[in-house]
Amino acid sequence: LNAAPLLTHLDLKSQRRWSRDCIPKLCSLDLPMLTSLTLTMISFQFLHKLVRPTLRRLAVLPSSIDTDSFDLLLDTLKTVPVLEVLSLDFSSIHPYQYPDWSYNSLPSPDSIISLPHLKILQLRGNPMTIARLLHHMVLPSSLKVTFDAQVAHDLYVCEENSRYVLNTVK
């Protein structure tokens with residue numbers, strides 16, 4: 001099987017028994033009509049291999065992410081120009097995972113993500129990670145945004161970053 005030319009929706013949930021063998025095979029499939037992709041407990045390392053430019057809906061549900069994976073996520077989001085719905089769950093990330101990151105510095109121009117067709121943005125997780133993602137995004141003014149920020153650990157840090165998140169989307 002090299003192609004699934006009529007497949008429009010793909011929903012993958014990790015099962016440790018098959019994930020290591022099956023996901024790389026799925027990544028190499030030709031999926032020219034894929035418009036919806038949901039990944040649950042799938043490593044971000046596979047995300048960029050599964051995403052197609054035809055995607056209108058992308059959901060990545062609880063998954064761990066590190067600095068390299070975050071950069072890969074940014075690069076991947078640049079490849080989906082017609083994306084309308086984006087749901088990301090960063091709930092498994094510790095708020096201090098990015099100790100050297102500051103939203104006071106401007107992102108480099110090549111790391112800016114523009115999603116002009118985005119209608120719905122749903123983000124879940126710690127405010128620091130959400131703020132870091134939003135710092136790299138240019139969002140349409142008509143966008144509907146939903147946050148489920150998990151406030152834990154250092155309340156002051158989370159409060160400051162939550163304030164930044166809310167100011168970013170105004």
Side-chain angles (χ1 to χ4, degrees), residues 1-94 97-98 107-126 129-150 165 169:
L1 181 67
N2 295 336
L6 301 179
L7 184 68
T8 58
H9 302 279
L10 181 58
D11 189 347
L12 294 176
K13 185 173 184 176
S14 177
Q15 300 292 328
R16 290 186 189 263
R17 294 185 308 261
W18 62 267
S19 291
R20 250 184 312 194
D21 298 328
C22 291
I23 292 177
K25 291 176 185 171
L26 285 170
C27 291
S28 64
L29 281 178
D30 182 20
L31 304 169
M33 301 298 284
L34 191 65
T35 59
S36 177
L37 176 63
T38 301
L39 303 177
T40 305
M41 301 303 290
I42 305 286
S43 171
F44 270 87
Q45 72 179 357
F46 296 112
L47 177 65
H48 76 285
K49 296 176 183 176
L50 287 166
V51 164
R52 301 298 187 267
T54 54
L55 279 183
R56 294 191 179 281
R57 175 181 291 273
L58 174 62
V60 182
L61 306 175
S63 184
S64 61
I65 189 168
D66 55 28
T67 301
D68 293 336
S69 298
F70 192 87
D71 293 339
L72 188 58
L73 171 64
L74 294 177
D75 289 341
T76 301
L77 289 175
K78 292 179 201 171
T79 68
V80 285
V82 295
L83 196 66
E84 295 175 356
V85 178
L86 176 61
S87 300
L88 298 172
D89 185 337
F90 300 115
S91 61
S92 62
I93 302 170
H94 190 282
Q97 187 144 354
Y98 306 111
S108 65
D110 62 330
S111 70
I112 300 294
I113 302 161
S114 179
L115 298 172
H117 300 284
L118 197 63
K119 296 176 183 170
I120 299 173
L121 176 62
Q122 299 169 324
L123 299 172
R124 182 172 192 257
N126 70 68
T129 308
I130 292 171
R132 185 173 189 222
L133 176 67
L134 290 174
H135 193 62
H136 292 270
M137 298 181 84
V138 176
L139 302 172
S141 60
S142 61
L143 180 69
K144 177 184 177 191
V145 181
T146 304
F147 294 113
D148 182 1
Q150 297 175 335
V165 167
V169 296

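All values reported here derive from a predicted model rather than from experimental measurement.
Of all heavy-atom pairs between Gly125 and Ile130, the closest is O-CD1, 3.7 Å. Taking every heavy atom of both residues into account, His136 and Ser111 meet most closely at ND1-OG, 3.0 Å. The minimum heavy-atom distance linking Met137 with Leu133 is given by the pair CG-O, 3.3 Å. The minimum heavy-atom distance linking Ser36 with Leu34 is given by the pair O-CD1, 3.5 Å. Closest non-hydrogen pair, Pro32 versus Ala4, comes out as CD-O, 4.2 Å.
In this structure, CG in Leu88 is found 10.5 Å from CG in Leu39, a value given to the nearest 0.5 Å. To the nearest 0.5 Å, the span separating CG on Leu47 from CG on Leu37 amounts to 7.0 Å. Considering OG1 of Thr38 and CG of Leu10, their distance stands at 8.0 Å, rounded to 0.5 Å. Taking CG of Asp148 as the reference point, atom CG of Leu123 lies at 10.0 Å (rounded to 0.5 Å). Considering OG1 of Thr35 and CG of Leu7, their distance stands at 8.5 Å, rounded to 0.5 Å. Going from atom NE2 of His48 over to atom CG of Asp71 covers 12.5 Å, rounded to the nearest 0.5 Å.
Not a single donor-acceptor pair under 3.5 Å links the side chain of Arg57 to the backbone N or O of Leu55. A donor-acceptor pair is defined here as one N or O able to donate and one able to accept, closer than 3.5 Å; no such pair exists between the side chain of Thr8 and the backbone of Met33. No donor-acceptor distance shorter than 3.5 angstrom exists from the side chain of Ser87 to the backbone of Gln122, with no hydrogens or angles considered.
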For Leu121 and Leu115: C-alpha separation, side-chain torsions, deciding distance, then whether side-chain contact (heavy atoms from CB on, under 4.5 Å) applies.
CA-CA 11 Å; Leu121 176 62; Leu115 298 172; over 6 Å; no
Show me, pair by pair, the donor-acceptor contacts under 3.5 angstrom made by side chains of residues 73-84, not counting sequence neighbours?
residue : atom : partner : partner atom : Å
Thr76   : OG1  : Leu72   : O            : 2.8
Lys78   : NZ   : Asp110  : O            : 2.1
Thr79   : OG1  : Thr76   : O            : 2.6
Glu84   : OE2  : Arg56   : NH1          : 3.1

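Under the side-chain hydrogen bond (donor to acceptor under 3.5 Å, both in side chains) criterion, Thr40 pairs with no residue, sequence neighbours left out.
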